Enquirer: 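Right, I'll just put the structure down here and ask away after.
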Amino acid sequence: MAKSDLPVRDSFTSKFGVIAAAAGSAVGLGNIWRFPYVVGENGGGAFLLVYLLFIVAIGMPVMLSEFAIGRKAQRNAIGSFKKLAPRTPWYFVGVIGVAAAFLILAFYSTVAGWTLEYIVKALTDSFAGKGEAEISGLFETFHTGTFRPLFWQLIFMGVTLWIVMAGIKNGIEKYTKILMPLLVVMIIVICIRSLTLPGSVEGVGYLFRPNFSALTTEGILAALGQAFFSLSLGMGTLITYGSYVSKKENLGSTVTQVTIADTLIAMLAGIAIFPAVFAFGIDPESGPGLVFVTLPNIFQEMAGGYFFALIFFILLGIAALTSSISILEVVVAYLKEELNLTRKKAAVFAAIVITMMGVLCTLSFGAMEDVTIFKTTFFDLMDFTASNVLLPLGGLLIVLFIGWYLGSSRTREEVSNENTLRVRYFPAYIFLIKFVAPIAIAIVFLYGLGFLKL
Ligand code: TRP
């Protein structure tokens with residue numbers, strides 16, 4: 001088949017476009033909402049250290065593997081495995097990914113909806129003159145409600161759907177390029193204010209002083225889950241995005257840049273949150289509400305806090321959006337390429353199913369708070385199953401696929417752009433994905449889920 005006969009595949013148009021889209025996927029609520037509260041639930045410094053270790057030893061190699069698979073196969077998360085490993089069960093890795101996409105976007109859209117409510121709260125100056133207790137009360141009243149959280153979730157899913165329907169080029173690239181750097185600037189300003197609050201030192205110590213007695217095997221699993229979640233790994237998001245990346249791109253350097261950006265923003269979020277948590281006497285184990293009850297207190301103490309709050313929550317909403325589109329895209333690319341639905345039909349169908357599951361997540365803080373499975377609410381169950389089970393499992397299978405099925409010479413060809421790039425990191429990468437990552441993931445998994453006991 002001549003090149004021009006190939007169906008024209010949507011793709012990213014520039015180097016910065018790829019990094020922007022991948023970083024846009026990675027940077028989101030995972031960094032600013034999830035990271036601080038998971039750190040808080042797991043005792044601080046020691047958790048952070050393990051998290052960083054996982055990012056480098058497991059996260060980066062998995063990310064490179066996903067990009068390589070997607071770009072080599074030029075297909076969606078499931079189709080890529082069918083193409084590279086025909087007539088084998090490997091495509092099941094993609095099936096796990098598509099399933100995870102449904103679960104993740106369901107609870108993700110709940111929290112993204114909260115950020116939209118907080119844009120309105122900021123706009124209407126709702127935090128002004130309020131103390132810590134009242135600010136916590138605002139969150140409590142709002143997120144346990146029915147109409148407002150559902151309304152915002154619906155709006156968020158609507159916008160996500162609209163962008164994904166527009167396709168990769170006109171949608172995803174355009175929105176990410178300018179706004180992410182602005183978000184970084186905003187967080188740095190918030191960090192400065194947080195660090196200069198009276199009593200902030202304790203929070204800095206909490207985040208950076210490792211206290212290993214606070215770390216449990218569940219905590220280590222949570223660190224692994226957070227690493228996967230934050231870098232958008234284990235689900236085929238970056239297989240799908242990799243399939244839109246040009247053959248001239250340097251995948252290795254893209255991985256480094258995306259990882260640095262993502263980790264930096266999570267760290268900054270931690271530095272913004274924890275000093276304030278201790279300064280205002282908030283419980284670090286407050287759970288999913290942590291960011292929403294902490295940040296408004298900081299804004300209150302800031303010159304120009306009104307504007308900072310407003311701009312910050314707008315940017316957080318946008319960061320959530322550039323991530324949510326990457327999650328929905330996994331499902332849409334699959335339905336479109338494997339089941340031959342149009343992009344539009346695929347997107348609408350997926351969004352409707354996800355929204356229905358999302359409603360359960362949203363209501364699990366209020367009207368359906370008592371409906372539990374295995375003693376957990378829908379929200380926690382979907383988050384736990386996706387982040388701590390499906391993503392690490394997907395990641396494990398992805399590294400096994402590259403390390404033990406595809407093999408190092410075919411992989412080297414792909415990441416070195418047919419041997420035109422120098423890839424000095426390659427032996428280290430192969431060692432990590434063949435041995436270190438699979439063994440580490442398997443051990444963390446079995447202990448974290450309680451199958452093995454120390
Ligand atoms: N990484 C994003 C965040 O931190 C969320 C996300 C996007 C994601 N795509 C994903 C998480 C794929 C897991 C898998 O907010």
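None of these values were measured; they are calculated from a predicted model. For ligands, and for the atoms within them, numbers begin at 1 and follow the listed sequence.
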Enquirer: Below 3.5 Å, N or O to N or O, backbone or side chain included: is there any such pair between Leu29 and ligand 1?
Expert: yes
Enquirer: Looking only at protein heavy atoms, which one is nearest to atom 11 (C) of ligand 1, and how far off is it?
Expert: Phe229 O, 3.2 Å
Enquirer: Indicate yes or no: does Glu117 engage Lys121 in a salt bridge with an N to O separation below 4.0 Å.
Expert: yes
Enquirer: For the aromatic rings, using the six-membered ring if either is Trp, is the centroid distance between Phe379 and Phe107 under 6.0 Å?
Expert: yes
Enquirer: Side chain, backbone, both or neither: which part of Val330 has a heavy atom under 4.0 Å from ligand 1?
Expert: neither
Enquirer: With atoms numbered from 1 as shown, which atoms in ligand 1 lie under 4.0 angstrom from a non-hydrogen atom of Gly30?
Expert: 3 (C), 4 (O), 15 (O)
Enquirer: Does any N or O in the side chain of Ser200 come within less than 3.5 Å of the main-chain N or O of Pro275, such that one atom is a donor and the other an acceptor?
Expert: no
Enquirer: What is the distance from atom OG of Ser80 to atom CZ of Phe401, rounded to the nearest 0.5 Å?
Expert: 8.5 Å
Enquirer: Taking only heavy atoms of Ile104 into account, list the atoms of ligand 1 that are under 4.0 Å away from them.
Expert: 13 (C), 14 (C)
Enquirer: Atom 2 (C) of ligand 1: which protein heavy atom is closest, and how many Å away?
Expert: Ser25 O, 3.1 Å
Enquirer: Should the proximity of Leu391 to ligand 1, defined as any heavy atom under 4.0 Å, be assigned to the side chain, the backbone, both, or neither?
Expert: side chain
Enquirer: Return yes when Trp33 approaches ligand 1 closer than 4.0 angstrom through a heavy atom, no otherwise.
Expert: no
Enquirer: Would you mind finding which of Gln226, Arg34, Glu66, Met235 brings a heavy atom closest to atom 14 (C) of ligand 1?
Expert: Met235
Enquirer: Within ligand 1, which atoms have a heavy atom of Ser326 less than 4.0 Å away?
Expert: 7 (C), 9 (N)
Enquirer: Is there a donor in the side chain of Ser243 and an acceptor in the side chain of Gln74, or the other way round, less than 3.5 Å apart?
Expert: no
Enquirer: First locate atom CZ of Phe92, then atom CG of Leu397, and finally report the distance between them rounded to the nearest 0.5 Å.
Expert: 9.0 Å
Enquirer: To which protein heavy atom is atom 6 (C) of ligand 1 closest, and what is the distance rounded to 0.1 Å?
Expert: Ser232 OG, 3.5 Å
Enquirer: Heavy-atom distances under 4.0 Å are what count here, so tell me which part of Ala26 touches ligand 1: side chain, backbone, both or neither.
Expert: backbone
Enquirer: Just need the protein heavy atom nearest to atom 12 (C) of ligand 1, so name the residue and atom and give the distance.
Expert: Thr237 OG1, 3.2 Å
Enquirer: Is the number of heavy atoms from other residues, nucleotides or ligands under 6.0 Å of Lys83 NZ greater than 12?
Expert: yes
Enquirer: Among all protein heavy atoms in this structure, tell me which lies nearest to atom 15 (O) of ligand 1, with the distance rounded to 0.1 Å.
Expert: Tyr108 OH, 2.5 Å
Enquirer: Within ligand 1, which atoms have a heavy atom of Asn31 less than 4.0 Å away?
Expert: 4 (O)
Enquirer: Report all side-chain donor-acceptor pairs from residues 40-63 shorter than 3.5 Å, counting only partners two or more places apart or in another chain.
Expert:
unit_1, atom_1, unit_2, atom_2, d
Asn42, ND2, Val38, O, 2.9

Enquirer: Ion pair present between Arg343 and Glu337, side-chain N to carboxylate O less than 4.0 angstrom?
Expert: no
Enquirer: Show me which atoms of ligand 1 lie under 4.0 Å from any heavy atom of Gly28.
Expert: 3 (C), 4 (O), 15 (O)
Enquirer: Closest approach of Asn31 and Ala26, non-hydrogen atoms and distance?
Expert: OD1-O, 3.1 Å
